[in-house]
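Working notes, beginning with the structure itself.
Owing to the predicted nature of the structure, the values given are computational and were not obtained by experimental measurement.
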Amino acid sequence: MAARHKAKITTPHGPRTCFEARIQRDGGKQPLVARFGGIPLKKQKRAVLADRAPVQITYPHKELVHRLRQGRCELCQRADTVQVHQIRKLDELTTLGPASPEWMKLMARKRRKTLVVCPPCHDLIHDGQRTAAFTA
């Protein structure tokens with residue numbers, strides 16, 4: 001196998017021995033050539049290494065992160081410490097009616113499973129009470 005594919009090629013550094021597989025093609029096309037070897041393994045003292053600096057990829061923050069960083073309740077607009085109220089599925093908001101609380105209407109309108117709220121509003125959501133703060 002080695003003797004069958006052994007070939008001598010001419011390079012700028014002189015003749016080199018390599019392994020070569022050649023497939024002849026019809027229609028005057030160039031033959032397909034695959035070579036292994038044939039390169040000089042001499043040390044190049046004057047070689048210059050040009051390493052490229054890695055490109056820093058910046059990933060955008062998620063929308064929830066921006067909403068949390070604002071530090072503003074999405075229900076009463078109070079600038080305070082905030083918490084995130086989350087529901088399991090958006091399907092839970094499909095049974096909206098005139099008696100639905102404002103926080104449900106807001107989440108359904110924005111099509112979000114999360115709502116950034118202040119602690120008093122969050123407590124009211126979990127207590128199931130409707131207050132004037134939600135109608136703002």
More than 12 heavy atoms of other groups within 6.0 Å of Gln77 CD | yes
Check the hydrophobic clustering (I, L, V, M, F, W, Y; side-chain heavy atoms under 4.5 Å; chains of links allowed) and say if Leu106 and Ile87 are grouped together.
-> yes
Gap between atom CD1 of Ile125 and atom CE of Met104 - 0.5 Å precision = 10.5 Å
Are the side chains of Leu75 and Leu124 in touch, meaning some heavy atoms are under 4.5 Å apart?
-> no
Is any side-chain heavy atom of Leu68 closer than 4.5 Å to a side-chain heavy atom of Gln70?
-> no
Interatomic distance, Arg112 atom CZ to Leu90 atom CG [nearest 0.5 angstrom] = 11.0 Å
How far apart are the closest heavy atoms of Ala7 and Glu20, and which atoms are they?
-> CB-CB, 3.9 Å
The complete set of ring-ring contact (aromatic ring centres under 6.0 Å, His included) pairs with one or both residues in residues 73-92, sequence neighbours excluded, reads His85-Trp103, His85-His122, His85-His126
For Arg22 and Arg35, the nearest pair of non-hydrogen atoms, with its separation, is NH2-NH2, 4.3 Å
Shortest non-hydrogen contact from Cys73 toward Val117 = SG-CA, 3.7 Å
If you look only at pairs with a residue in residues 3-13, which of them pass as a side-chain hydrogen bond (donor to acceptor under 3.5 Å, both in side chains), with sequence neighbours excluded?
-> Lys8-Thr17
With clusters built from Ile, Leu, Val, Met, Phe, Trp and Tyr whose side-chain heavy atoms come within less than 4.5 Å, directly or transitively, what are the remaining members of the cluster of Ile23, listed by chain and number?
-> Leu32
Tell me, do Arg72 and Val82 make a side-chain contact under 4.5 Å, heavy atoms counted?
-> no
May I ask you to test the Val84-Leu115 pair for a side-chain heavy-atom distance under 4.5 Å?
-> no
Could you tell me the separation between the SG atom of Cys18 and the CD1 atom of Ile9, rounded to the nearest 0.5 Å?
-> 4.0 Å
All salt bridge (Lys or Arg N to Asp or Glu O under 4.0 Å) counterparts of Arg78, not counting sequence neighbours = none
Residue set satisfying salt bridge (Lys or Arg N to Asp or Glu O under 4.0 Å) with Arg67, at least two apart, ordered chain then number -> Glu74
Drop me the distance from Gln83's CD to Thr114's OG1, to the nearest 0.5 angstrom.
-> 13.5 Å
Co-members of the apolar cluster containing Leu49 [side chain, <4.5 Å] | none
Within a radius of less than 6.0 Å around CZ of Arg25, do more than 12 heavy atoms belonging to other residues, nucleotides or ligands occur?
-> yes
